[in-house]
Amino acid sequence: MRRSGFLLALVACGNDYDLSAQPVEVDPGDVLACPFTPISGTQLSKYDCNPVFSGTDETWGADFVSTGFRTQEVLGHPFYQIWYSAGPADGASGSYGLGYAVSANGTDWEAHPNNPLIVGDGGWDADNMDAVVVVWDDQRLEYVLAYQGYNIANGKWGMGIYTSPDGAAWSAYNDGNPVLDFTRPVDGITYCWPLTFTHDSRGYTGYLGGQPNGQNVCQMYKFEADQLQTSFTPSGEPVLRAGPDAYDAAGMASAAVVELDGTYYMFYVGFEAWRSYGTYQSSVNSRLSLAISTDGVRWEKSPDNPLPVNLTSPEGMVSNVAAQVVGDRIHLWVTDYYADLGASAVGYYLFEPSGPVHP
Amino acid sequence: MGMRWNVLVLLALAACGGGASQTCDDLCNVLILQCGYEAFPDFASCQQGCAYEQEQGEDVNATLACVQAAASSGSCDTFAILECEHAP
């Protein structure tokens with residue numbers, strides 16, 4: 001009798017657990033002010049109130065250079081983090097800073113009170129912090145930020161790294177020196193910029209743009225490392241080659257890799273050509289594309305590339321893509337040029353690979 | 001004998017009240033009622049996510065202490081609350 005009474009008490013307690021011990025699946029439409037509209041002929045939907053991030057009205061940086069996005073789940077519900085490098089409104093190089101903002105719904109942002117958290121201090125990366133990528137390293141218990149830095153006057157280009165325990169207080173890694181020199185070839189390839197990083201139990205996988213000798217393209221290469229280190233040696237074999245179609249004939253400028261139900265999805269910004277500035281060049285006509293892989297090694301470009309999300313046409317001005325799996329959807333943040341703002345800003349999209357192609 | 005039986009049941013219920021559901025309720029109270037975070041469609045969704053994390057081995061009591069500290073000043077420090085998920 002005593003034992004059965006005790007069991008009854010435990011059963012009553014257990015009901016609280018049984019009620020809710022399932023992963024959460026949040027429909028973004030339930031927590032956002034605007035709906036998503038399907039994009040015909042795709043599995044993409046576009047948030048009706050884009051852009052979701054166009055700045056935080058801070059006085060120190062009016063012109064975005066680059067954005068690094070991350071989703072942090074709190075009790076299974078997505079919160080959003082963005083780190084952004086920004087410079088003066090006139091677009092001049094130098095005087096840049098790194099800002100950090102967070103959002104509980106992906107559309108309303110709170111800027112960190114200590115912004116800018118990193119400011120250019122001369123040296124090899126005096127002119128800018130571009131191609132910003134941020135991951136959480138759960139071995140080191142800190143954020144790792146990789147970027148393309150450059151000093152045009154001194155001809156310095158490289159990949160730098162900062163680390164932070166909280167996303168706000170950053171320390172230069174490797175004594176502030178680049179971990180990869182973008183001006184010298186490594187095994188016949190001169191690297192251009194970081195495209196994306198991931199970190200999981202196996203360590204780091206990083207994707208970089210790289211220019212093979214004799215070819216004016218910046219196509220995709222990969223490195224793997226079990227931990228953060230002061231130099232990286234990418235594999236000499238391209239993960240994704242530039243071309244042959246026009247939309248990525250000159251290479252890739254940004255990428256995001258996620259895995260969902262055993263399939264790997266790589267969203268990337270492919271670009272068609274270069275614009276020369278004498279001693280350097282930048283990408284032109286850049287649009288969002290997709291490659292798919294079943295093993296994370298061999299990738300196949302989507303026959304539907306480029307994906308019809310670019311806001312300017314015929315020349316695309318997409319500069320950055322970030323992706324995160326939440327439930328059975330892939331959330332995408334695409335930085336593009338918004339003509340009504342006269343500036344770049346971040347738009348929010350959903351990709352539902354298990355759903356139908358929208359009519 | 002009857003006395004011992006009552007104590008046993010009370011102990012079991014107390015353990016139940018101080019377990020995941022009460023901790024989760026407290027967490028969700030801070031995140032939804034105090035901070036008003038729109039990430040949570042409703043209270044039940046928050047409870048569900050909390051119970052799932054607990055079942056996966058997360059220390060929701062430590063998360064609660066961290067979140068309460070980040071919201072103790074009356075205003076919610078979202079930057080600090082996000083880092084509660086990274087606490088060792």
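Chain identifiers are assigned alphabetically (A, B, ...) following the order of the sequence lines, protein sequences preceding nucleic acid strands; residue numbering begins at 1 within each chain. Just so you know, these numbers come straight off a predicted model, no measurement behind them.
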- Between A:N105 and B:E38, what is the shortest heavy-atom contact and its length? ND2-OE1, 3.1 Å

- Message: Show me the pairs that pass ring-ring contact (aromatic ring centres under 6.0 Å, His included) and involve residues 54-78 of chain B, at least two apart or across chains.
- Response: none

- Distance (rounded to the nearest 0.5 Å) between A:H77 NE2 and B:I32 CD1: 7.0 Å

- Item | Atom pair CG (B:L31) and CZ (A:F79), whose distance is rounded to the nearest 0.5 Å | 6.5 Å

- Query: How far apart are the closest heavy atoms of B:Y37 and A:A104, and which atoms are they?
  - Reply: CD2-CB, 3.7 Å

- Here the gap from A:L75 atom CG to B:E85 atom CD, rounded to the nearest 0.5 Å, amounts to 5.5 Å

- For A:P113 against B:F79, the heavy-atom pair lying closest together: CD-CE1, 4.3 Å

- Message: At a 4.5 Å cut-off on heavy atoms, which part of A:E73 comes close to chain B: side chain, backbone, both, or neither?
- Response: backbone

- Query: Do you know the tightest heavy-atom contact between B:A39 and A:P78?
  - Reply: CB-O, 3.6 Å

- Task: Could you grab the distance from atom CG of B:D77 to atom CD of A:E110, nearest 0.5 Å is fine?
- Result: 7.5 Å

- Query: Given that the side chain runs from C-beta out, which part of A:V26 has a heavy atom under 4.5 Å from chain B: side chain, backbone, both or neither?
  - Reply: side chain

- Message: Taking atom CG as the centre, does A:D261 end up with more than 12 heavy-atom neighbours from other residues, nucleotides or ligands that are less than 6.0 angstrom away?
- Response: no

- Nearest heavy-atom approach of A:Q81 to B:L82 is CG-CD1, 3.7 Å

- Item | Side chain, backbone, both or neither of A:D108 within contact of chain B (heavy atoms, under 4.5 Å) | side chain

